[in-house]
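Index from 1, following the sequence.
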Amino acid sequence: MSNAVVVTDTTFEQEIEKHNGLAVVDFWATWCGPCRMVAPILDQLAAEYRTAKVAKLDVDANQQTAMRFNVRSIPTILFFKDGKLVDTVIGAVPKAKLESKFKE
């Protein structure tokens, strides 16, 4: 079971941009193989870093938000601190790399 919340074009502002603290958003699609590799890593990190909000946004169903943040390839993981975009990771990366971003 996923620890990540699902966000959409409609809920993105409320769930992410108005969130106090760290929010991590995985921009993904069902057909994306590398996205399926990253998903369980993000679930693990969501369980380990309970103070962070981890969310998933399906780019096929929510193109407006994907375009707004210039997401051109997936998976793209955006890191927000108190509603402001502070970091981006593109592609399937090892858990250690993502974990270092959670700690920053």
Side-chain angles (χ1 to χ4, degrees):
M1 184 169 115
S2 176
N3 293 306
V5 296
V6 174
V7 293
T8 64
D9 286 343
T10 308
T11 62
F12 191 87
E13 181 182 1
Q14 186 63 40
E15 290 283 342
I16 304 304
E17 294 178 289
K18 292 186 176 177
H19 178 72
N20 289 325
L22 178 64
V24 180
V25 184
D26 176 17
F27 286 75
W28 72 290
T30 55
W31 49 264
C32 168
C35 297
R36 289 193 298 271
M37 292 168 46
V38 168
I41 295 170
L42 284 171
D43 282 343
Q44 290 172 11
L45 291 170
E48 292 170 25
Y49 294 87
R50 295 211 175 270
T51 57
K53 176 181 271 191
V54 177
K56 297 176 74 64
L57 183 129
D58 182 334
V59 297
D60 288 337
N62 301 282
Q63 295 178 5
Q64 185 178 4
T65 303
M67 286 189 325
R68 187 171 150 220
F69 289 98
N70 205 25
V71 173
R72 296 185 182 275
S73 74
I74 53 175
T76 291
I77 302 159
L78 301 183
F79 292 80
F80 292 83
K81 178 76 174 179
D82 298 329
K84 304 284 184 246
L85 179 61
V86 294
D87 209 346
T88 303
V89 173
I90 298 172
V93 296
K95 181 181 178 182
K97 177 161 179 145
L98 288 176
E99 189 166 22
S100 73
K101 300 290 184 183
F102 272 73
K103 292 177 179 178
E104 282 180 16

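- Contact record, A55 with I16: CB-CD1, 3.9 Å, taken as the closest heavy-atom pair.
- Here the shortest heavy-atom pairing between A29 and D60 reads CB-OD2, 3.7 Å.
- Applying the salt bridge (Lys or Arg N to Asp or Glu O under 4.0 Å) definition to pairs two or more places apart or across chains, those involving residues 86-97 are E48-K95, D87-K101.
- Listed by first then second residue, pairs satisfying disulfide (SG to SG under 2.5 Å) with a partner in residues 38-104 number zero, not counting sequence neighbours.
- When hydrophobic clusters are built by joining Ile, Leu, Val, Met, Phe, Trp and Tyr residues whose side-chain heavy atoms come closer than 4.5 Å, directly or via intermediates, V89 is not grouped with V25.
- Relative ring orientation between F69 and F80 is described as perpendicular, the plane-to-plane angle rising above 60° on a 0-90° scale split at 30° and 60°.
- Within the 4.5 Å cutoff, no side-chain heavy atoms of T51 are placed close to those of L22.
- Every pair passing disulfide (SG to SG under 2.5 Å) that includes a residue from residues 30-104 is listed here, sequence neighbours excluded: C32-C35.
- Within the structure, ring-ring contact (aromatic ring centres under 6.0 Å, His included) pairs that include any residue of residues 27-55 comprise Y49-F102 (at least two apart or interchain).
- V59 and V5 fall within a single hydrophobic cluster, where Ile, Leu, Val, Met, Phe, Trp and Tyr are joined by side-chain heavy atoms under 4.5 Å apart, directly or via other members.
- Transitive grouping of hydrophobic side chains (ILVMFWY, heavy atoms separated by less than 4.5 Å) brings F79 and L42 into a common cluster.
- Hydrophobic clustering of Ile, Leu, Val, Met, Phe, Trp and Tyr side chains at less than 4.5 Å, counting indirect connections, unites L85 with V71.
- The CD atom of Q63 sits 10.5 Å away from atom CG of L57, with the distance rounded to the nearest 0.5 Å.
- Applying the disulfide (SG to SG under 2.5 Å) test to residues at least two apart or on different chains, none of the pairs has a partner in residues 55-104.
- In the hydrophobic clustering of ILVMFWY residues, with side-chain heavy atoms under 4.5 Å counting as a link, V38 and V6 come out apart.
- Judged by distance alone, with hydrogens and angles left aside, the side-chain atoms of D26 form no donor-acceptor pair with the main-chain N or O of I77 at under 3.5 Å.
- Considering all non-hydrogen atoms of both residues, A4 and D43 come closest at N-OD1, 3.9 Å.
- Checking side-chain atoms of N62 against main-chain N and O of T8 turns up no donor-acceptor pair under 3.5 Å.
- Under the side chain to side chain donor-acceptor pair (under 3.5 Å) criterion, the residue pairs touching residues 16-25 are E17-R68, with sequence neighbours excluded.
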